[in-house]
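Encoded as structure tokens, the structure appears first; notes follow it.
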Amino acid sequence: MTLRTDPVAAPAPLPGGAGDARRGELLQSVVEVARAIFGAAASSVLLLDEEHDELVFAAVSGEGEEFLVGRRFSAGSGIAGWVATSGEPVVVDDLTANRSFDRSVAESTDYVPDALMAAPLVSDARVLGVLEVLDPSPQARSGLPELDLLALFARQAATALHVLAPQPPSPLTPSRRADALRLLGSLEQLLREPA
């Protein structure tokens, strides 16, 4: 499987056009800190593009940082796809023995890791993407406390992303919709009456 390079369907920018820059800065900081915390060769944030059912590299630190941002692959592929679908973090110490690992996706990025850690970016019970740490140091992936730390860090990143993204208006309940339609009908009547 090869990766596509297209712009990611991103949340609407913040007023003044600062949204994309602030979002990019936040995500780059997340991957750089994750890479440092876990002593990894690389780290990436992949955001879920629900419209196209794809994961999109939004930030990369280490291997591939020069060219991976914007690359896409199927949200159902590989370990990142499994994490995005299940909403569960995972540590894989030997990727050659893992059936979920999609080697063709890794090869298309020009970096094939031996081990990885991944956690979903979850906000309001919705998966926004995946934080991956590739080839973390062996002591950094030695147990559950490290996986819990990655999951906690991913939750913090998702919360920050949520804060940066404008909130869509909440849909009207059926009774509020009926009230609004009655109000509009009354206004229409008032406007049609002769003065």
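Keep in mind it's a predicted model, so treat the numbers as computed, not measured. We're numbering straight along the sequence, starting at 1.
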I need the minimum non-hydrogen distance between Trp82 and Pro89, along with the two atoms involved. CZ3-O, 4.4 Å
As an exercise, state the distance from CG of Leu27 to CD of Glu32, rounded to the nearest 0.5 Å. 11.0 Å
Testing the basics here: between Val30 and Ala157, what is the closest heavy-atom pair and its distance to 0.1 Å? CG2-CB, 3.7 Å
Between Arg71 and Val60, is there a side-chain heavy-atom distance shorter than 4.5 Å? no
The side chain to side chain donor-acceptor pair (under 3.5 Å) partners of Ser61 (sequence neighbours excluded) come to Arg35
Ignoring hydrogens and geometry, is there a side-chain-to-backbone donor-acceptor pair from Ser43 to Glu132 under 3.5 Å? yes
Side chain to side chain, Leu26 and Arg23, heavy atoms closer than 4.5 Å: no
Please report the closest heavy-atom contact between Pro120 and Val83, naming both atoms and the distance. N-CG1, 3.4 Å
Which residues pass the side chain to side chain donor-acceptor pair (under 3.5 Å) test with Glu88, sequence neighbours left out? none
In Å, rounded to the nearest 0.5 Å, how long is the span from CG of Leu48 to CG of Leu55? 5.5 Å
Under the side-chain contact (heavy atoms from CB on, under 4.5 Å) rule, collect the residues that match up with Ser29, sequence neighbours excluded. Val33
Among the clusters formed by ILVMFWY side chains lying less than 4.5 Å apart, do Phe67 and Val69 turn up in the same one? yes
Glu50: which residues meet the side chain to side chain donor-acceptor pair (under 3.5 Å) condition with it, sequence neighbours left out? Arg126
Can you sort out the partners of Glu63 under side chain to side chain donor-acceptor pair (under 3.5 Å), two or more places apart, ordered by chain and number? none
Quick check against the 3.5 Å criterion: does Glu65 have a side-chain atom that pairs as donor or acceptor with the backbone of Gly62? yes
Partners passing side-chain contact (heavy atoms from CB on, under 4.5 Å) against Ala154 (at least two apart in sequence or in another chain): Ala119, Leu121, Leu131
Looking only at atom types and distance, does a side-chain atom of Asp135 sit under 3.5 Å from a main-chain N or O of Ala40, one as donor and one as acceptor? no
Taking the hydrophobic residues Ile, Leu, Val, Met, Phe, Trp and Tyr, and joining any pair whose side-chain heavy atoms are under 4.5 Å apart, which ones share a cluster with Val127? Val122
Report the residues that fulfil side-chain contact (heavy atoms from CB on, under 4.5 Å) with Leu95, sequence neighbours left out, ordered by chain and then residue number. Ile79, Val92, Phe101, Pro113, Leu116
Determine, stepwise, if the pair Ile37 / Val133 fulfils side chain to side chain contact (heavy atoms under 4.5 Å, CB included). CA-CA 10 Å; Ile37 287 172; Val133 177; over 6 Å; no
Heavy-atom pair of closest approach, residues Ala75 and Thr85: O-OG1, 4.2 Å
What is the minimum heavy-atom distance between Leu128 and Ser123, and which atoms define it? CD1-CB, 3.8 Å
List the steps, then state whether side chain to side chain contact (heavy atoms under 4.5 Å, CB included) holds for Glu146 with Val91. CA-CA 9 Å; Glu146 290 77 14; Val91 174; over 6 Å; no
